[in-house]
Amino acid sequence: MHKLLLAFVFLLSGCAQHNNNRLADDLQFETPESILSALQETKPDDRDIAQYYLNLGYLQLLSGQFPASIESLLIAKKQMQSLAATSVSENIGAGTVNETLRSYSGYPLDRVMVHNMLALSYLFNRDIDGARVEMLQADVAMKKLADKDSLSGQLVSTHLLSGIIYELLDERSDAFISYQLAENILNQRKIALPEGLTLGLLRMSLKMGNDQAYDRYSKSYPNLVKKMKGKEQVFVLYFDGVVSNKIQASLTVPSFNGQQLIRIAMPTYPERLPRSLHAKISDGEQLVSSDVAENINVIAREDLDKEYPSILLLTTTRAIAKYQVVQETKKKDQLLGTLLNFATLLSEVADLRSWNMLPATIQFAYLETNADDIVVSTPKTVQTDVDLSLGHQHVILVTNLSDKVWHYQQ
Amino acid sequence: MKIHTSLLLVIMSSVMLAACSTSVERLDAQQQVDLSGAWNDTDSQLVAQEMIEDSLSRAWISKFVSSEGKDPAVIVGRIKNLSHEHINTNTFVANMERELINSGEVQFVASAANRQEIRDERADQDLNASEATRKEAGQEYGADFMMQGQINTIVDVDGTTQVRFYQVNLELISLKDNRKVWIGEKKIKKLISNSKIRP
């Protein structure tokens with residue numbers, strides 16, 4: 001009986017999430033391909049399926065396995081959609097043992113970001129129509145999550161990517177609206193617009209013949225007007241670093257009568273945000289640097305902050321419930337009660353699950369050039385030449401986690 | 001007491017196993033089944049059937065027959081998916097091709113991808129088949145009209161309820177002079193409510 005109790009506690013103590021967090025930490029120092037292999041060797045718990053496939057799909061994208069990435073991210077997306085409803089049994093488990101008994105259904109960030117990663121996978125798999133579908137779905141997902149008091153689930157990077165995809169499809173009005181939506185969110189967040197986004201607003205307002213908007217933007221950014229001169233359009237997305245893992249903050253105290261120990265454990269994020277590094281793109285004449293469009297570290301913290309009151313309430317309620325169960329058991333069997341107290345301490349772990357292999361920031365740069373090739377350099381990798389001779393519009397994805405450069409051209 | 005506990009465990013295990021087992025039921029291909037509310041085989045069949053019926057009942061066909069003295073030859077071109085869903089337009093195109101061929105009122109020409117495979121085979125025959133059975137190049141039947149179209153959606157969402165509005169537009173264009181001889185439109189509206197609670 002006692003051995004059974006210990007085995008039960010071991011199962012509930014959240015070993016899988018620690019393994020996953022370790023892999024996410026390792027991603028800073030090892031290639032996406034090696035972390036992908038390590039992740040594929042693990043077997044996810046049924047409750048962690050969405051998190052597993054989100055990370056798997058993202059690593060497959062960074063490794064250039066686009067069809068596999070699409071498959072994995074679609075599984076994650078479907079899983080998150082099916083888990084959107086509240087589960088009675090999982091809430092009971094979370095209220096009595098710990099939060100990891102709840103299936104991972106994704107934060108607002110995950111539910112929108114999955115469309116971004118899918119769109120990029122479709123795009124580099126040369127299926128721009130599939131990418132467009134994902135952007136339309138992201139728009140619906142953001143409308144579902146819209147809240148007049150917060151920007152939860154409203155991603156600049158999604159609107160920016162939508163704008164790029166619409167521009168590639170020559171859907172000018174939709175591209176302009178998407179760039180404007182990205183601008184609105186950045187203004188609400190009081191963040192300076194990336195130069196590439198401002199150029200997009202200028203370019204689309206000009207192409208659409210929206211003189212009023214073009215005058216406004218050209219007066220606000222007179223220096224950028226002269227940058228719209230090349231025949232080749234280059235959109236560069238740079239994924240910098242890895243988003244922070246959650247950490248556990250726990251407290252164990254003796255009860256007022258000293259008869260048992262009470263423990264509470266809450267998830268939190270490290271206070272310090274890592275410094276962003278930037279990619280550089282040069283055509284020999286111009287040198288542009290990527291600007292932060294989305295700080296995922298900040299958004300992940302906002303998502304957790306929003307859930308904090310309910311996590312705190314559930315943690316406190318659970319501590320009271322565990323205290324009462326131990327108290328009742330001790331009245332019948334002192335030894336079993338003590339063991340149960342030990343089990344309640346061990347099983348009290350914070351839910352540290354998140355899409356923890358995402359980049360820390362998503363950055364954007366735009367270049368118009370007449371050159372046949374450009375040089376892209378990221379902080380940790382050598383410079384890479386990119387040939388522009390086979391198309392006039394180019395989308396390039398780079399990361400400082402790998403020396404690979406993904407290039408879509410048309 | 002121990003027997004009772006074991007019995008209870010066996011019953012609970014059986015119930016859990018039964019709940020987890022896979023069940024398969026064969027359905028009639030024409031049976032309408034809606035699971036997620038997304039575009040499905042029923043929508044594809046319904047739209048293809050109704051739109052081809054509409055196109056074949058219009059004046060362009062009789063005008064063509066009387067002026068040219070033959071049935072029109074039609075080819076289905078690209079049906080563009082501009083919707084919110086990853087719709088496999090190939091099944092929709094296949095449904096339309098079937099409706100067109102089975103109508104008996106038009107000739108039907110193979111698509112560009114099909115034609116290339118056939119041309120490859122013809123080229124192979126040119127080298128390897130006997131003279132009596134060899135099929136010559138340059139004998140293809142040219143289409144008179146191409147059918148093109150697009151599938152659009154508008155999604156309105158509020159919490160767990162969604163209204164999905166699908167609009168399928170098809171048009172038949174004369175290959176000789178780019179005239180549009182027929183435009184068809186089919187609309188489907190779905191109200192989808194998702195549960196707020198799961199087991």
Side-chain angles (χ1 to χ4, degrees), chain A residues 1 4 46-47 67 70-71 73-75 77-93 102-103 105 111-112 114-115 118-119 121-123 125 127-147 153 162 165-166 169-171 173-174, chain B residues 1-2 5-6 9 12 15-17 19-22 34-40 43 77-93 148-168 189-199:
Chain A
M1 178 67 187
L4 207 68
D46 284 349
R47 293 186 297 268
I70 291 167
E71 201 178 315
L73 292 169
L74 285 177
I75 293 172
K77 183 172 77 173
K78 201 174 169 191
Q79 185 74 5
M80 288 193 289
Q81 281 167 352
S82 68
L83 293 172
T86 308
S87 164
V88 181
S89 59
E90 285 178 6
N91 271 338
I92 292 170
R102 221 195 290 264
S103 292
S105 59
R111 286 178 222 156
V112 180
V114 70
H115 298 289
L118 268 166
S121 300
Y122 277 111
L123 190 69
N125 201 38
D127 178 3
I128 193 168
D129 291 335
R132 186 184 185 279
V133 168
E134 286 305 325
M135 290 295 93
L136 290 173
Q137 289 185 3
D139 187 51
V140 173
M142 286 193 284
K143 280 181 183 152
K144 257 186 182 174
L145 293 163
D147 175 0
S162 299
I165 289 166
Y166 290 133
L169 291 163
D170 202 24
E171 296 179 27
S173 167
D174 286 338
Chain B
M1 182 64 189
K2 271 191 173 175
T5 313
S6 306
L9 273 170
M12 280 175 69
V15 171
M16 282 172 76
L17 283 172
C20 297
S21 63
T22 307
D34 287 300
L35 296 175
S36 66
W39 176 273
N40 60 16
D43 298 312
R78 189 171 178 213
I79 309 294
K80 214 171 174 197
N81 174 25
L82 298 176
S83 78
H84 286 68
E85 294 168 29
H86 294 284
I87 294 174
N88 183 351
T89 52
N90 291 338
T91 60
F92 180 57
V93 169
Q148 290 179 328
Q150 57 189 43
I151 304 172
N152 280 287
T153 48
I154 300 171
V155 177
D156 190 16
V157 60
D158 182 25
T160 54
T161 308
Q162 266 191 31
V163 174
R164 285 191 201 183
F165 176 78
Y166 298 85
Q167 183 167 318
V168 183
K189 199 169 187 176
K190 296 181 183 180
L191 175 69
I192 303 156
S193 298
N194 294 315
S195 172
K196 288 180 182 170
I197 302 283
R198 63 188 164 88

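Quick note on labels: first sequence line is chain A, next is B, and so on, each numbered from 1. Note that the structure is a prediction, hence the values are computed from the model and not measured.
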As an exercise: rank [options] by heavy-atom pairs under 4.5 Å with chain B and give me the winner.
options	result
A:Asp139, A:Leu136, A:Val88	A:Leu136
A:Met135, A:Lys143, A:Gln81, A:Arg132	A:Arg132
A:Leu169, A:Leu74, A:Asp129	A:Asp129

Over 12 non-hydrogen atoms of neighbours within 6.0 angstrom of CD in B:Gln167: yes
A:Gln137 side chain reached by B:Val155 side chain, heavy atoms, under 4.5 Å: no
Between NE2 on residue B:His86 and CG on residue A:Asp127, distance to nearest 0.5 Å: 8.0 Å
Separation between CD of B:Glu85 and CH2 of B:Trp39, rounded to the nearest 0.5 Å: 9.0 Å
Toward chain B, the part of A:Glu90 with a non-hydrogen atom under 4.5 Å: side chain
Proximal component of A:Leu83, with respect to chain B [non-hydrogen, under 4.5 Å]: both
Closest non-hydrogen atom pair between B:Ala38 and B:Lys190, with its separation: O-NZ, 3.2 Å
Which portion of B:Ile87 sits near chain A, non-hydrogen atoms under 4.5 angstrom: neither
